[in-house]
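Data first, discussion second: the structure below is written as structure tokens.
All values derive from a computational prediction rather than experimental measurement.
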Amino acid sequence: MPQVTVTEHLLLHQKQSPSATGRFTMLLNELILAGKIISRDVNKAGLVDIVGFTGTENIQGEKVKKLDRFANEVLIHRMERAGVLCGMASEENADLIPIRDKFPKGDYMLLFDPLDGSTNIDVNINVGTIFSILRNKNFDGSGASLSDMLRPGVEQVAAGYIMYGSSTILVYTTGNGVHGFTLDPSVGEFLLSHPNLTIPEKGKIYSVNEGYWNYWDKPTQEIVSWFKDPDGKRGAPYSLRYIGSLVADFHRTLIYGGIFMYPADNRDPAKSKGKLRLMYEASPLAMLAEQAGGMASTGKRRILDIVPEDLHQRVPLFIGSRDEVQKIQETYSKYAGCAV
Ligand code: FDP
């Protein structure tokens, strides 16, 4: 079978769009190169001094891992030079990252979580880079402002992730289906391995950090009890799988179906909207989920419709197969108006 590289795939799709200029392909190519560099270093973790913490905290108040910082630096360095961006934002940086004047600019904006799931790096569990691409409608040749960037997920022109694990996988969408590519290390190319990925309409797996049960609201507790009920509609409980690395948990959900949840909880005020970030995690994965035939919701509303108020906003996330996400929404609507 002839093997299609990600570059060929991009060019093919570019040809199908008469207004395409090739600038988007340049952007993705640069992102892919950054992903290959990160992949190379993730694979060396344990051999070189790159595991462990840097001794600093990020904007989210979390301890920064050395590989986190490395991945962030690689992405900023490479993507600034892509010549097609007017601004970037990273989960690791407090503010918008401008493109310096010495580099050419374009109207695309890139948001990313450089190394999601990084608390798992030291124990060899999959981690990944999640990205979201927007277009600046007000682009005038200079930069992007915060208000240019605070756009709802429905306006993303592309989204995806690169997962570093037993193999390195790139999964992306430009609004025309979801496609997966596996890095062949012998030739250094991502080859099409999962064309037109679709999420099964219903699944058999639920995925959540159940240790937080006592912090959840009633609808979340009710739905999780429903998944565990041996006498429920399915006549058997769902299976529980939780890796604790969002990219890996989402990737499994995309392939096998079911649901991944990170609900709001009342542990502390910072988690009252959940832990995951709207712009770096929930929105890009929601675009992928919907493009694959699934759904993504806060329990009360569609993730892609949320207009962000700040770059690091958090949001409860229920994502996966239609059947399970709908079930969650039904449960939440039953409690609408009640203090839960
Ligand atoms: P991590 O803290 O390891 O970076 O958003 C970050 C994230 O991982 C997700 O990848 C993961 O799904 C979640 O946090 C795990 O959080 P809990 O430890 O609270 O379950």
Side-chain angles (χ1 to χ4, degrees), residues 6 28 31-32 34-43 45 58 60 62 64-65 67-68 70-72 74-75 90-92 110-133 153 156 158-173 178-183 190 193-194 197 199 203 205-209 241-262 274-292 294 296 303 314-315 317-321:
V6 64
L28 271 180
L31 200 55
I32 287 164
K36 286 181 190 171
I37 296 171
I38 298 167
S39 173
R40 183 193 62 197
D41 277 65
V42 167
N43 286 328
N58 68 9
Q60 326 283 347
E62 298 159 343
V64 176
K65 292 258 170 180
L67 259 173
D68 251 336
F70 171 78
N72 199 37
V74 168
L75 280 157
S90 162
E91 195 205 280
E92 296 297 324
L110 175 72
L111 293 97
F112 54 86
D113 180 352
L115 210 58
D116 181 73
S118 54
T119 49
N120 293 298
I121 293 167
D122 298 357
V123 287
N124 239 315
I125 287 174
N126 293 13
V127 290
T129 301
I130 308 177
F131 59 90
S132 159
I133 299 169
Q156 292 170 108
Y161 56 85
I162 302 170
M163 184 170 74
Y164 316 104
S166 48
S167 54
T168 298
I169 289 188
L170 162 71
V171 175
Y172 82 94
T173 180
V178 177
H179 311 284
F181 301 80
T182 303
L183 181 64
F190 279 100
S193 49
H194 300 75
L197 275 165
I199 301 186
I205 297 172
Y206 77 101
S207 181
V208 69
N209 188 338
R241 299 279 185 275
Y242 188 72
I243 300 167
S245 173
L246 176 62
V247 176
D249 279 314
F250 177 78
H251 190 70
R252 183 202 53 248
T253 308
L254 181 65
I255 308 279
Y256 290 162
I259 188 156
F260 171 84
M261 311 183 247
Y262 206 112
K275 177 183 183 186
L276 304 179
R277 293 76 173 176
L278 175 63
M279 301 198 75
Y280 311 109
E281 296 170 314
S283 269
L285 298 186
M287 183 178 183
L288 289 165
E290 288 200 6
Q291 282 293 317
I303 293 286
R314 296 175 194 262
V315 74
L317 179 66
F318 298 92
I319 191 165
S321 295

Between Ser245 and Asn126: side-chain donor-acceptor atoms closer than 3.5 Å: no

Are Arg241 and Thr253 close enough that a side-chain donor and a side-chain acceptor fall under 3.5 Å? no

Are any non-hydrogen side-chain atoms of Leu197 and Leu254 less than 4.5 angstrom apart? yes

Listed by chain and number, what are the side chain to side chain donor-acceptor pair (under 3.5 Å) partners of Glu290, not counting sequence neighbours? Arg302

Verify whether the ring centers belonging to Phe181 and Tyr172 lie closer than 6.0 Å. yes

Look only at the side chain of Asp113 and the backbone of Ile130, and say whether a donor-acceptor pair between them is shorter than 3.5 Å. no

4.5 Å side-chain heavy-atom contact, Ile38 and Leu75: yes

Spacing of NZ belonging to Lys36 relative to CG belonging to Leu31, to within rounding of 0.5 Å: 11.5 Å

Run the numbers on Phe70 and Leu67 for side-chain contact (heavy atoms from CB on, under 4.5 Å), then give the verdict. CA-CA 5 Å; Phe70 171 78; Leu67 259 173; 4.1 Å; yes

Test side-chain contact (heavy atoms from CB on, under 4.5 Å) on Val6 and Ile32; report intermediate values, then the result. CA-CA 9 Å; Val6 64; Ile32 287 164; 3.5 Å; yes

Once you round to the nearest 0.5 Å, how far does OG of Ser207 lie from CZ of Arg252? 4.0 Å

Polar contact flag, side-chain donor to acceptor under 3.5 angstrom, Tyr280-Ser90: no

Is there a side-chain contact between Leu28 and Phe131, using heavy atoms and a 4.5 Å cut-off? yes

Could you check if a side-chain atom of Ile162 sits within less than 4.5 angstrom of a side-chain atom of Phe190, using non-hydrogen atoms only? yes

Should Thr182 and Thr168 be marked as a side-chain contact (heavy atoms from CB on, under 4.5 Å) after you check the CA-CA gap, both sets of side-chain angles, and the distance that decides it? CA-CA 6 Å; Thr182 303; Thr168 298; over 6 Å; no

So do the side chains of Pro114 and Glu92 get within less than 4.5 Å of each other, counting heavy atoms only? yes

What heavy-atom pair brings Leu285 and Tyr161 nearest, and what distance separates the two atoms? CD2-CD2, 3.9 Å

From His251 NE2 over to Leu288 CG, what is the distance, rounded to the nearest 0.5 angstrom? 11.0 Å

Given side chains that start at C-beta, do those of Tyr164 and Thr129 come closer than 4.5 Å, heavy atoms only? yes

For atom OH of Tyr256, decide whether the heavy atoms of other residues, nucleotides or ligands shown that lie under 6.0 angstrom number more than 12. no

For the atom pair CD1 (Ile319) and CD (Glu281), what is the distance rounded to the nearest 0.5 Å? 11.0 Å

Smallest heavy-atom separation, Asp68 atom then Ser118 atom, equals OD2-OG, 2.8 Å

Heavy atoms only: give me the nearest Ile199-Ser321 pair and the separation to one decimal. CG2-OG, 3.5 Å

Find out whether Tyr206 and Met261 are in side-chain contact, i.e. whether some heavy atom of one side chain is under 4.5 Å from a heavy atom of the other. yes

Taking the inter-plane angle between the rings of Phe260 and Tyr242 on a 0 to 90° scale, is it parallel (under 30°), tilted (30 to 60°) or perpendicular (over 60°)? parallel

What is the minimum heavy-atom distance between Ile303 and Ala286, and which atoms define it? CG2-CB, 3.7 Å

Restricting to non-hydrogen atoms, name the atom on Gly244 and the atom on Asn120 that form the minimum distance, rounded to 0.1 Å. O-ND2, 3.1 Å

Looking only at heavy atoms, what is the nearest atom pair of Ser283 and Gly153, with distance? OG-CA, 3.6 Å

Taking atom CE of Met287 and atom CD of Gln156, what is their separation to the nearest 0.5 Å? 6.0 Å

Lys275 versus Arg314: any side-chain heavy-atom pair under 4.5 Å? yes

Please round to the nearest 0.5 Å and tell me the distance separating atom CG of Leu183 and atom CE of Met163. 12.5 Å

